[in-house]
Amino acid sequence: MEFEEYARKQERTSPNGSDIIMVALGLTGESGEFADLVKKHLFQGHEMDREKLIDELGDVLWYIFEGARVLGVAPSEIADRNISKLRKRYPEGFDSERSINRPE
Ligand SMILES: [Mg+2]
């Protein structure tokens, strides 16, 4: 699914009054749910539940698109800016040395 199509479908479930605070709390909450699944696998004997992990990433994605709407930026611009930043940080691909000692 393309960004624009997802944005249209995601907006259908956006509540009235959505704002940056709701987005920040939602992103944190859904990221926490993702981390909790990994914690349960590593420390509590649970099977790694790939399907639930994918679902939680979807919930994070929902909030990313909600944040884009609140900030008035196209999701594709967020993606472009992120790739541009990473291209500057890791011009030859990921590099531990550049990760540890960031040039910027
Ligand atoms: Mg969730």
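Remember, it's 1-based here, ligands and their atoms both numbered in the order they're listed. These numbers were taken from a predicted model, which means no experiment stands behind them.
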Note: Arg8-Glu4 ion pair, threshold 4.0 Å (strictly below): no
Please determine whether a side-chain nitrogen of the Lys or Arg among Lys52 and Glu56 lies less than 4.0 Å from a carboxylate oxygen of the Asp or Glu. no
I want to check something: taking the side chain as every heavy atom from C-beta on, are Glu66 and Gln10 in contact at a cut-off of under 4.5 Å? yes
Using distance only, find each side-chain donor-acceptor pair of residues 20-37 under 3.5 Å and give its atom names and separation, not counting sequence neighbours.
from  : atom 1 : to    : atom 2 : distance (Å)
Thr28 : OG1    : Ala24 : O      : 2.8
Ser31 : OG     : Leu27 : O      : 2.8
Asp36 : OD1    : Lys39 : NZ     : 2.9
Asp36 : OD2    : Lys40 : NZ     : 3.2

For the residue pair Trp62 / Ser14, report whether a side-chain donor-acceptor contact shorter than 3.5 Å exists. no
How many angstroms lie between CG in Leu57 and CD1 in Ile64, if you round to the nearest 0.5 Å? 9.0 Å
Protein N/O/S neighbour count - the Mg ion (ligand 1), strictly under 2.8 Å: 4
